[in-house]
Amino acid sequence: MPKPRVLSGIQPTGNLHLGNYLGAIRNWVDGQEQYENFFCVVDLHAITVPHDPATLAADTYEIAAVSLACGLDLNYANLFVQSHVSAHSELAWLLNCITPLNWLQDMIQFKEKAIKQGENVSTGLLDYPVLMAADILLYQADKVPVGEDQKQHLELTRDIAARFNHQFGKKKRVLKLPDPLIRAEGARVMSLTDGTRKMSKSDPSEQSRINLLDSPDTIAKKIKRCKTDLVQGLEFGNPDRPECENLLTLYQLLSGKPKDVVAAECREMSWGTFKPLLTEATIAALQPIQDKYQAIVADKGYLESVLKQGREKAEAVANETLSQVKAALGYSVPL
Ligand code: TYM
């Protein structure tokens, strides 16, 4: 029996933060041996908002190195760069032609990002979820580990696949419908400056997030200044205390302690006692990732060979699906 297949992606825009790690990459790593895994740095998605050509390639390599440092095991995982596998762009075009425009106009992330862009909204930003659907469907993925914010894009991916199969796959199903893999805890890590808003790469305030490569000193400063409340004693599950929920959850996930142990430990604590504990747990959890990252970037040839091998494996699978899609659509095969 072949293993079920996993595909996920991450954009090379800005530094990776605790939300990316706890919501997504940790789920790529945990249980990776059960699956055949494809992970890509989605540099084609990165240009759907204004970008700097001078840093795109370096950012792409950096994100690949950080992802690897988080614990991907190359015995099970293939890591590659989206733009290196041209089938992604080609399938996105083909899927564009069967995706109703109003499905894309309804996407929450499009609406949120479009507001920020004002007059400068590109067609690519509207089309972002179709390219994401192409990423996933090319690999006939069974599962897609993502944070909560990507749930709607996953539903759209399933809708696109079902529509394609309905229109062009009556005799033989062409595209597999993937399931999202979203954890109960860590799927929505919140900002350090506002517990009701998602931690995000695009937040202009550096204080709002902890980046995976932040120094211990920076982590300590950010946690010292992070928003809390005036209540003594810390608790899970109180909707009036969003910062408390977020910071306790971070402590739980980064320390690796069970939730009930954390709840009991922190029940009577003041923020002044809790913050150093969270700082210590965060630094300890990120230290091995940072050490591994330094070793990886010190050897550029290694990273290049990982990405080359990943691309070769990815291309073989992606090109096979692309051929099936083109055949179903009635394209001629080049002589
Ligand atoms: P990106 O780079 O914006 O986010 C990468 C992953 O991090 C998760 N994430 C979070 N999880 C919890 N709390 C947060 N505050 C938080 N912020 C981000 C995201 O849910 C995501 O899983 N559209 C994707 C990239 C993509 C993709 C794909 C993903 C392109 N093609 C195919 C899966 C499959 C994205 O949001 O990237």
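Values reported hereafter were calculated over all heavy atoms of this structure, with side chains retained and with hydrogens, waters and symmetry mates removed. Positions are given from 1 along the sequence. Whatever order the structure lists ligands and atoms in, that order sets their numbers, starting from 1.
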Quiz prompt | Passing option when Asp142 is tested against Lys3, Lys176, Arg5 for side-chain hydrogen bond (donor to acceptor under 3.5 Å, both in side chains) | solution = Lys176
Quiz item: With clusters built from Ile, Leu, Val, Met, Phe, Trp and Tyr whose side-chain heavy atoms come within less than 4.5 Å, directly or transitively, what are the remaining members of the cluster of Leu181, listed by chain and number?
Solution: none
Quiz item: Is the NZ or CZ atom of Lys300 both under 6.0 Å from the centre of the six-membered ring of Tyr61 and within 45° of that ring's axis?
Solution: yes
Exercise. Can you establish whether the number of heavy atoms outside Lys111 located under 6.0 Å from its atom NZ is more than 12?
Key: yes
Quiz item: How would you list, by chain and number, every residue that makes a salt bridge (charged side-chain N to carboxylate O under 4.0 Å, His left out) with Glu112, sequence neighbours excluded?
Solution: none
Exercise. Can you sort out the partners of Phe274 under ring pair (Phe, Tyr, Trp, His ring centres under 6.0 Å), two or more places apart, ordered by chain and number?
Key: Tyr251, Trp271
Quiz item: Listing by chain and number, which residues have a heavy atom under 4.0 Å from ligand 1?
Solution: Leu7, Ser8, Gly9, Ile10, Gln11, His17, Gly19, Asn20, Gly23, Ala24, Val42, His45, Tyr128, Met132, Asp135, Ile136, Val144, Val146, Gly147, Asp149, Gln150, Gly186, Ala187, Arg188, Val189, Lys198, Met199, Lys201
